[in-house]
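Read the structure below first, then the notes.
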Amino acid sequence: MRLDKLLAELTGMTRSKARETIQGGRVCVNGEVKTVIAEQVNEDTACVTMDGQALVFRKYVYYMLNKPAGTVSATRDRSDKTVVGLLSETDRKRRNLFPVGRLDKDTEGLLLITDDGALSHRMLSPKSHVDKLYFAKLAREITEEDIALFASGMKVDEELTALPAVLRRLSPGEAEHFCPDGGTAAAVTLQEGKFHQVKRMFAASGNEVLYLKRMAVGGVKLDGNLSPGEYRALTTEEVSCLMACTRMPEGENKSDVDE
């Protein structure tokens, strides 16, 4: 990679600022000062420093956002605040960031943001069977019939027949934390992500979702220390968890993945 491009990727600065920095003799590669902006550098093996500080190249970035209500799962929107817009100015300088899938505008909770298109593609593929856990505040208690209906798969409407999903009552501790006013709450785990799917499934069972929050995706749980609108980078273990849960079955490749 060209040195000016690599420095821009490493620091979030503009290419023109990166050129100026390199020409000012502030950048070293493997301990040697470099002033040629077009010099080719192996980003995987080279040790790059600026003003004596080591810079680490990240091919992709992965963020966990606690999405607040009122934001749209998009990179840009004419009228509403977007989830990418919640990132810091420095992090937004990383090009090609996007949310993995989407949550409804009024739904809160775990949303992944990355620039790794291949991982996103696999996570959204029906063949990957990625679990998504939601907590829902409901208008009425769930029944054994509701649990059986979700487990068997259900015809939601003319457009959607949902795959089997796991519906359960929240434990007293979960319910008290999620629904402190004593309302009715339940958890649902599914492997799809159709438009308004959780709300439509409960509506088809004669119930109404009053509040919805996604708590986990692919084994990665929402960090309880993140307030709505806050985010953090995924840990190495969390990224590995996502990679593992989206690993394609042997004999398949990316071209086999459904849109």
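Both backbone and side-chain heavy atoms feed into the values below; hydrogens, waters and symmetry mates do not.
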Which pairs count as ring-ring contact (aromatic ring centres under 6.0 Å, His included) when at least one residue sits in residues 219-246, sequence neighbours excluded? Tyr63-Tyr231
Ion pair check, Lys34 and Glu32, cut-off under 4.0 Å: yes
Taking every heavy atom of Gly101 against every heavy atom of Leu111, the minimum-distance pair comes out as O-CD1, 4.3 Å
I'd like to know if Ile37 and Val29 are part of one continuous hydrophobic network [Ile/Leu/Val/Met/Phe/Trp/Tyr, side-chain heavy atoms within less than 4.5 Å]. yes
Determine, step by step, whether Arg140 and Asp146 satisfy the salt bridge (Lys or Arg N to Asp or Glu O under 4.0 Å) criterion, reporting the C-alpha distance in whole Å, the side-chain angles of both residues, the deciding distance to 0.1 Å, and the verdict. CA-CA 11 Å; Arg140 68 162 176 81; Asp146 294 328; 2.9 Å; yes
Within the distance-only criterion (no hydrogens, no angle test), does the side chain of Arg214 pair as donor or acceptor with the backbone N or O of Leu110 below 3.5 angstrom? yes
State whether the side chain of Asp104 and the backbone N or O of Asp106 hold a donor-acceptor pair below 3.5 Å, judged by distance alone. no
Test Met201 against Leu167 for side chain to side chain contact (heavy atoms under 4.5 Å, CB included), laying out the working first. CA-CA 11 Å; Met201 290 174 72; Leu167 175 63; over 6 Å; no
So, for Lys67 and Thr107, which heavy atoms are closest and what is the spacing to 0.1 Å? NZ-O, 2.8 Å
Give the cluster check for Leu190 versus Leu149: same hydrophobic cluster or not, with ILVMFWY residues linked at side-chain heavy-atom distances below 4.5 Å. yes
Evaluation steps, side chain to side chain contact (heavy atoms under 4.5 Å, CB included), between Arg102 and Phe195: CA-CA 9 Å; Arg102 57 190 300 132; Phe195 182 67; 5.6 Å; no
Kindly say whether Arg122 contributes a backbone atom to a donor-acceptor pair with the side chain of Ser128 at under 3.5 angstrom? yes
Which is it for Glu43 and Arg2 under the salt bridge (Lys or Arg N to Asp or Glu O under 4.0 Å) test, yes or no, and what are the steps along the way? CA-CA 9 Å; Glu43 66 272 17; Arg2 281 174 55 118; over 6 Å; no
Passes side chain to side chain contact (heavy atoms under 4.5 Å, CB included), Met243 versus Asp116? Steps please. CA-CA 11 Å; Met243 295 296 181; Asp116 187 345; 3.8 Å; yes
Residue pair Thr35 / Val33, side-chain heavy-atom distance below 4.5 Å: yes
Start with the C-alpha gap between Ile113 and Phe98, add the side-chain angles, then the distance that decides, and say whether side chain to side chain contact (heavy atoms under 4.5 Å, CB included) holds. CA-CA 5 Å; Ile113 296 177; Phe98 57 88; over 6 Å; no
Nearest non-hydrogen partners of Met123 and Val217, listed with the distance: CE-CG1, 3.4 Å
Test item: Ser227 side-chain N/O and Glu230 main-chain N/O as donor-acceptor pair under 3.5 Å: no
d(Leu6 CG, Glu39 CD) to nearest 0.5 Å is 11.0 Å
Out of the candidates Val27, Thr11, Asn30, only one should pair with Val48 under the side-chain contact (heavy atoms from CB on, under 4.5 Å) rule; please name it. Val27
Under a 4.5 Å cut-off applied to non-hydrogen side-chain atoms, are Met215 and Glu174 in contact? no
Please indicate whether Gln40 has more than 12 foreign heavy atoms, meaning atoms of other residues, nucleotides or ligands, lying under 6.0 Å from its CD. yes
For Gly183, does its backbone N or O pair with a side-chain atom of Asp181 as donor and acceptor, under 3.5 Å? yes
Between Leu138 and Leu210, is there shared hydrophobic-cluster membership here, with clusters defined by ILVMFWY side-chain heavy atoms closer than 4.5 Å? no
When rounded to the nearest 0.5 angstrom, what is the spacing between CE in Met50 and OG1 in Thr21? 6.0 Å
Pairs where residues 137-158 contributes a residue and the test ring-ring contact (aromatic ring centres under 6.0 Å, His included) is met, not counting sequence neighbours: Phe150-Phe202
Output for pair (Leu234 CG, Met64 CE), nearest 0.5 Å, gives 5.5 Å
Around atom NZ of Lys155, are there more than 12 heavy atoms of other residues, nucleotides or ligands at under 6.0 Å? yes
Can any side-chain N or O of Ser240 pair as donor or acceptor with the backbone N or O of Thr236 at less than 3.5 Å? yes
Is there side-chain contact between Arg232 and Asn225, with at least one heavy-atom pair below 4.5 Å? no
Side-chain heavy-atom pair Met1, Val41 within 4.5 angstrom cut-off: no
How many angstroms lie between atom CD of Gln191 and atom OG of Ser125, to the nearest 0.5 angstrom? 11.5 Å
State, with a plain yes or no, whether a side-chain heavy atom of Leu55 is found less than 4.5 Å away from one of Leu7. yes
Looking at every non-hydrogen atom in both residues, tell me the closest pair between Ala136 and Phe178 and how far apart they are. C-CE2, 3.7 Å
ILVMFWY cluster, Leu97 and Leu226 together (side-chain gap under 4.5 Å): no
I'd like to check Asp115 versus Val61 (side-chain heavy atoms, cut-off strictly below 4.5 Å). Are they in contact? yes
Under 4.5 Å between side-chain heavy atoms, hopping through other hydrophobics if needed: is there a path connecting Tyr62 to Val83? no
Check Ala69 against Glu108 and note the closest heavy-atom contact, atom names and distance. N-CG, 3.5 Å
Distance (rounded to the nearest 0.5 Å) between Leu119 CG and Leu242 CG: 6.0 Å
Let me see the working for Arg92 and Glu89 under salt bridge (Lys or Arg N to Asp or Glu O under 4.0 Å), right down to the final yes or no. CA-CA 5 Å; Arg92 287 202 307 275; Glu89 184 177 352; 5.3 Å; no
NZ on Lys105 to OG1 on Thr71, rounded to 0.5 Å: 9.0 Å
Determine whether Lys137 and Lys213 make a side-chain contact, defined as any pair of heavy atoms from C-beta on separated by less than 4.5 Å. no
How far apart are the closest heavy atoms of Ala74 and Thr82, and which atoms are they? O-CB, 3.1 Å
Report yes if some heavy atom in the side chain of Arg169 is under 4.5 Å from a heavy atom in the side chain of Ile147; otherwise report no. yes
